[in-house]
Protein chains: 2
Amino acid sequence: MSARQALISVAERLFAERGIPAVSMREVAAAAGQGNTSAVRYHFGSRNGLVDAIFTYRMARIDERRRAFLAARPEAHDDPRFLLEALVFPLAESIGHEDGESWYARFLAQVAFQPGFDSFSGARRDVTRGLRVVVDGLRRRVEGLDPPLGDLRITRVMQVVIHGLAEHEASMARGAAALPTSALAADLVDGAAAVLAAPVSSLTLAEMARTRLKGA
Amino acid sequence: MSARQALISVAERLFAERGIPAVSMREVAAAAGQGNTSAVRYHFGSRNGLVDAIFTYRMARIDERRRAFLAARPEAHDDPRFLLEALVFPLAESIGHEDGESWYARFLAQVAFQPGFDSFSGARRDVTRGLRVVVDGLRRRVEGLDPPLGDLRITRVMQVVIHGLAEHEASMARGAAALPTSALAADLVDGAAAVLAAPVSSLTLAEMARTRLKGA
DNA sequence: GCAGGGCTAACGCACTTGTATTAATATGAA
DNA sequence: TTCATATTAATACAAGTGCGTTAGCCCTGC
């Protein structure tokens with residue numbers, strides 16, 4: 001394994017276990033077997049460069065599987081449940097039955113919701129082409145709602161999926177997972193579908209109308 | 001304002017904005033106007049002590065309102081929607097129309113899902129009595145499901161609510177909130193109710209049966 | 001062979017960190 | 001007032017931090 005690859009793997013684990021800002025670049029280098037204290041700086045430029053590299057390295061394979069999943073049923077691209085499966089399953093596979101433990105979900109949960117982080121810009125764009133298809137499809141699904149509610153639903157689906165997987169990954173790590181990953185993934189799709197299609201209550205409608213009047 | 005109180009307020013903001021491990025104790029003390037670099041250590045013992053103090057300080061008022069909300073309708077303690085309102089509204093009020101900006105939701109999102117964190121133990125127990133009523137009520141609601149699924153639903157509700165509020169708080173901070181807090185809170189109840197009551201798909205049932213056989 | 005460039009090791013520097021110690025000051029009860 | 005106690009200020013120190021520089025290594029193309 002190349003030094004660059006070792007740095008990525010080791011950093012992914014340390015970041016997931018202890019939080020990204022809590023890990024020093026020296027420690028990453030040392031844990032990757034590098035005598036050089038500036039190894040991370042040399043290979044990735046900065047801490048953010050390393051974070052990007054981890055994100056991209058894993059997401060490349062995941063999104064590849066996602067595109068394959070989508071391509072298998074082009075006629076179903078308007079079925080929200082199918083889209084959610086395309087969102088969840090490739091992620092779940094990558095944390096489930098690899099040979100050993102996994103850390104990517106916990107890493108992703110820290111990165112994906114940082115203010116200013118954009119999954120579709122820069123070097124990340126190439127490894128989120130499948131994700132974009134999913135998000136666009138889901139967006140079409142919530143077009144009937146008030147625009148602010150629709151956007152909210154999309155983010156909420158992402159939160160449910162990513163934090164749900166991260167929580168599961170942590171449970172597995174401490175040997176306390178109540179379900180195998182495949183079952184959890186299926187349940188996660190159920191939950192995400194429910195969030196997406198949740199009926200808008202009369203209270204919500206009233207509250208939106210009330211505050212809209214007030215604002216005008 | 002006492003020094004202790006100033007430290008709590010300032011630390012809450014810094015932790016929310018930059019992440020708990022990324023903020024040094026010196027910086028907290030300095031930002032609170034303390035010349036003493038060991039002020040946090042003196043008042044709270046450690047970083048964790050400070051985190052506990054922030055959690056407790058805010059949660060005391062929030063849970064008080066929650067208990068009042070619950071007490072207003074004792075006959076509705078079996079209505080999941082009412083329980084979710086008791087969960088969400090007091091939290092939402094504390095981040096919505098206070099005079100200024102708020103940071104507690106983002107702080108809470110970092111703390112509440114840390115492995116090993118228990119909202120109901122130690123000094124936190126007193127300020128989560130209302131929360132316990134809610135959780136117990138919700139638990140009764142999911143008794144019909146397979147036990148692992150029920151627990152999963154409860155955690156998922158918590159994730160939706162806390163991360164949903166944190167996201168909203170961050171949006172407000174950058175002036176990009178699509179909805180006022182009261183409307184978002186109502187929508188969050190809709191989402192949480194949907195997650196709680198999401199039907200278990202045939203795929204999930206099949207996956208659970210399959211993997212249970214395999215394990216036996 | 002051998003020159004060159006990519007990679008690694010070793011080390012330095014200025015600065016920050018948690019932790020501690022001691023002195024000064026505020027506070028409140030007798 | 002007076003004195004004990006609680007709080008704050010002013011430093012100190014060893015360890016760790018990001019960042020940078022220099023020198024050696026290995027491997028490939030010529």
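Hydrogens, waters and symmetry mates play no part in the numbers below; they use all other heavy atoms, side chains included. Computed from a prediction, not measured in an experiment: that's the story for all the values here. So that the names make sense, note that chain A is the first sequence line, chain B the second, and so on, each numbered from 1.
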Pair of N/O donor and acceptor under 3.5 Å linking dT8(D) base with S38(B) side chain: no

Neighbours of DNA chain C within residues 18-31 of chain B, by heavy-atom distance under 4.0 Å: S24(B), M25(B), R26(B)

Touch class at under 4.0 angstrom, heavy-atom based, for S46(A) against every strand present: nothing

CZ (R18(B)) with more than 12 external heavy atoms under 6.0 Å: yes

Electrostatic pair E207(B):R210(B) at N-O distance under 4.0 angstrom: yes

Exercise: identify the closest heavy-atom pair between L83(B) and L138(B): CD1-N, 3.8 Å

Neighbour count above 12 (heavy atom, 6.0 Å) for R141(A) CZ: no

Distance in angstrom units between N48(A) CG and dG18(D) P, rounded: 13 Å

Per-nucleotide protein contact string for nucleotides 23-29 of chain D, where B marks a base within reach and S marks sugar-phosphate only (heavy atoms under 4.0 Å, - for neither): -------

Would you tabulate the nitrogen or oxygen pairs shorter than 3.5 Å linking the protein to nucleotides 4-8 of chain C?
{"from": "dT8(C)", "atom 1": "OP2", "to": "H43(A)", "atom 2": "NE2", "distance (Å)": "2.7"}

Test applied, salt bridge (charged side-chain N to carboxylate O under 4.0 Å, His left out); reference residue, R106(B); option that passes from E167(B), E101(B), E17(B), E12(B): E101(B)

L131(B) side, atom CG; R125(B) side, atom CZ - distance, nearest 0.5 Å: 13.0 Å

Note, V40(B) side chain near R47(B) side chain (heavy atom, < 4.5 Å): no

L7(B) CG to dA9(D) P, straight-line distance once rounded to whole Å: 10 Å

Proximity of F113(B) and H163(B) rings by center, below 6.0 Å: yes

R124(B) to F117(B), cation-pi by 6.0 Å centre distance and 45° axis angle: yes

Cation-pi check, R132(A) onto F120(A) ring (under 6.0 Å, within 45° of axis): yes

